[in-house]
Amino acid sequence: MIKFLDLHKINERFRKETDDRIKQVLDSGWYLLGEQDKTFEKNFAAYCGAKHCIGCANGLEALSLIIKGYGFGTGDEIIVPANTYIASILAITQNGCTPVLVEPDITTYNINPDLIEEKITSKTKAIMVVHLYGQAVQMEKIWQIAKKHNLKIIEDSAQAHGAIYQNKKTGNLGDASGFSFYPGKNLGCLGDGGCVTTNDDELAFKIRAIANYGSDYKYHHIFKGVNSRLDEIQAAVLDVKLKYLDEDNKRRRQIAKYYRENIKNKEIILPDTYNEDSHVWHIFAIRTKNRDKLQKYLEKNEIQTNIHYPVPPHKQECYKEWSHLSFPITEQIHKEVLSLPMSPVLTDEEAEKVVEVINNG
Ligand SMILES: *Cc1c(COP(=O)(O)O)cnc(C)c1O
């Protein structure tokens with residue numbers, strides 16, 4: 001069986017180093033907001049080219065903390081792609097804000113910059129860009145729109161650690177960026193984890209306080225905060241794995257290149273990228289009219305696949321107030337996408353077998 005993602009194999013590669021660092025945590029007797037957090041935050045901020053990194057509980061919290069940090073709430077609108085993972089939308093509605101959904105570009109699967117401006121109203125506060133499947137959004141036009149209308153740009157970078165646009169990494173392409181370190185992400189820990197990166201000193205101060213019960217120092221509460229912290233064990237593991245992130249992304253690019261050059265099946269549309277560096281291939285999503293049939297065929301041939309995602313947010317039961325809305329491109333994507341096995345530990349032989357089975361299908 002070719003696994004969609006072999007997390008055990010991914011993490012075994014660093015076992016000695018992570019064992020040592022986890023031991024350091026246990027020996028120290030300090031489990032939250034300690035030296036490991038500090039070290040990782042410093043290293044991840046430097047990696048992204050951002051001034052600040054604030055560890056937090058998970059990716060959803062990272063996005064939610066940014067919205068809280070800016071003080072956005074009831075009545076405020078945030079523009080967001082209609083085909084994103086539910087977390088981007090939940091972060092907005094959790095804070096009482098209104099998501100304004102925008103269709104993606106069918107070739108990049110990222111928000112279509114040409115459709116943003118018509119959605120801006122007097123209530124719009126921010127544009128949330130999502131670097132979906134690992135490809136950095138082409139930011140140029142979005143930077144111009146944000147500047148012209150005085151809007152913040154929030155990045156959802158949960159799928160795109162290390163992706164580059166115009167020599168800058170995700171995490172440094174907007175005003176603030178939320179990352180997830182969920183085990184399956186390109187940089188993943190051994191449980192839940194996340195962080196915010198930003199160059200904004202005031203926002204960084206606020207988010208750090210809000211994430212820790214709204215306190216700037218112990219038992220002194222300046223905000224009605226939340227409890228959203230990155231624990232020392234996860235920070236230690238992330239600090240080890242960060243050193244190998246670029247290498248891992250390079251391997252993902254190799255596999256993507258191999259798939260793109262060798263999958264030859266007229267019924268399949270392969271994912272496109274505008275630039276090699278822009279994509280870290282968190283997900284390799286192909287499209288086909290016969291998605292379910294292809295998935296079953298691959299399963300029969302011992303190849304695991306996944307669907308990112310089967311149902312768009314506006315068709316989810318939790319958002320039934322939007323069920324009348326129509327986003328044809330988003331809906332088409334959700335009907336047609338299928339994610340092939342993709343990970344830094346996928347072997348050449350496994351990638352070859354995937355191609356062979358698809359081409360014979
Ligand atoms: C994974 C993910 C999140 C949420 O991250 P968690 O750590 O699971 O909360 C947010 N946005 C996108 C696009 C994601 O893929």
Side-chain angles (χ1 to χ4, degrees), residues 4-5 7 40 44 53-68 78-95 97 99 101-102 104 108-111 126-137 153-163 170-171 173-174 176-197 207 211 226-231 233-235 237-238 241 249 252 271 279-285 306-314 316 318-319 330 333-334 337 339 342-343:
F4 176 71
L5 184 66
L7 286 175
F40 172 67
F44 193 67
C53 168
I54 304 111
C56 67
N58 55 57
L60 171 59
E61 283 285 313
L63 297 170
S64 182
L65 284 165
I66 294 169
I67 294 169
K68 285 185 171 69
I78 298 179
I79 288 171
V80 63
N83 62 321
T84 186
Y85 178 56
I86 196 84
S88 328
I89 314 272
L90 284 171
I92 296 170
T93 58
Q94 252 177 25
N95 287 287
C97 300
L101 306 176
V102 171
T108 62
Y109 303 118
N110 279 332
I111 193 166
I127 302 168
M128 186 184 285
V129 296
V130 182
H131 308 295
L132 202 70
Y133 303 153
Q135 171 141 261
V137 171
I153 296 176
I154 300 170
E155 295 176 79
D156 180 341
S157 304
Q159 300 190 357
H161 318 69
T170 57
L173 295 173
S177 176
F179 284 90
S180 163
F181 303 124
Y182 178 79
K185 308 290 186 184
N186 286 34
L187 180 60
C189 56
L190 308 180
D192 275 317
C195 80
V196 174
T197 60
I207 287 178
V226 297
N227 174 4
S228 182
R229 299 177 293 221
L230 179 65
D231 71 72
I233 288 180
Q234 302 312 331
V237 169
L238 288 166
K241 290 182 73 179
N249 284 341
R252 287 173 183 269
H279 213 318
V280 292
W281 302 102
H282 173 60
I283 284 166
F284 190 93
N306 233 313
I307 297 171
H308 298 91
Y309 300 90
V311 181
H314 71 283
Q316 295 285 356
C318 64
Y319 289 124
T330 295
I333 290 170
H334 286 75
V337 278
S339 310
M342 168 57 77
S343 92

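Every heavy atom of this structure was used, including side-chain atoms; hydrogens, water molecules and symmetry mates were not. All values derive from a computational prediction rather than experimental measurement. Atoms within each ligand, like the ligands themselves, are counted from 1 in listed order.
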### Query
Are the aromatic ring centres of Phe179 and His161 under 6.0 angstrom apart?
yes
### Query
Distance-only, no hydrogens or angles: does the Asn249 side chain make a donor-acceptor pair with backbone N or O of Ala163 under 3.5 Å?
no
### Query
Does Asp192 reach the main-chain N or O of Tyr182 with its side chain, forming a donor-acceptor pair under 3.5 Å?
no
### Message
Once you measure the plane-to-plane angle for Phe40 and Phe181, does it fall in the parallel (<30°), tilted (30-60°) or perpendicular (>60°) bin?
### Response
perpendicular
### Polar side chain donor-acceptor pair, Thr84 to Tyr309, under 3.5 angstrom
no
Run through all N or O atoms in ligand 1 and write down each protein N or O closer than 3.5 Å, as a pair with its distance.
| from | atom 1 | to | atom 2 | distance (Å) |
| --- | --- | --- | --- | --- |
| ligand 1 | 5 (O) | Ser180 | OG | 3.2 |
| ligand 1 | 7 (O) | Gly59 | N | 2.8 |
| ligand 1 | 7 (O) | Ser180 | OG | 2.6 |
| ligand 1 | 9 (O) | Gly59 | N | 3.2 |
| ligand 1 | 9 (O) | Leu60 | N | 2.9 |
| ligand 1 | 11 (N) | Asp156 | OD1 | 3.2 |
| ligand 1 | 11 (N) | Asp156 | OD2 | 2.7 |
| ligand 1 | 15 (O) | Gln159 | NE2 | 2.8 |
| ligand 1 | 15 (O) | Lys185 | NZ | 2.7 |

### Task
Could you give me the CA-CA distance, side-chain angles and deciding distance for Ser339 and Asn306, then say whether side-chain hydrogen bond (donor to acceptor under 3.5 Å, both in side chains) is met?
CA-CA 5 Å; Ser339 310; Asn306 233 313; over 6 Å; no
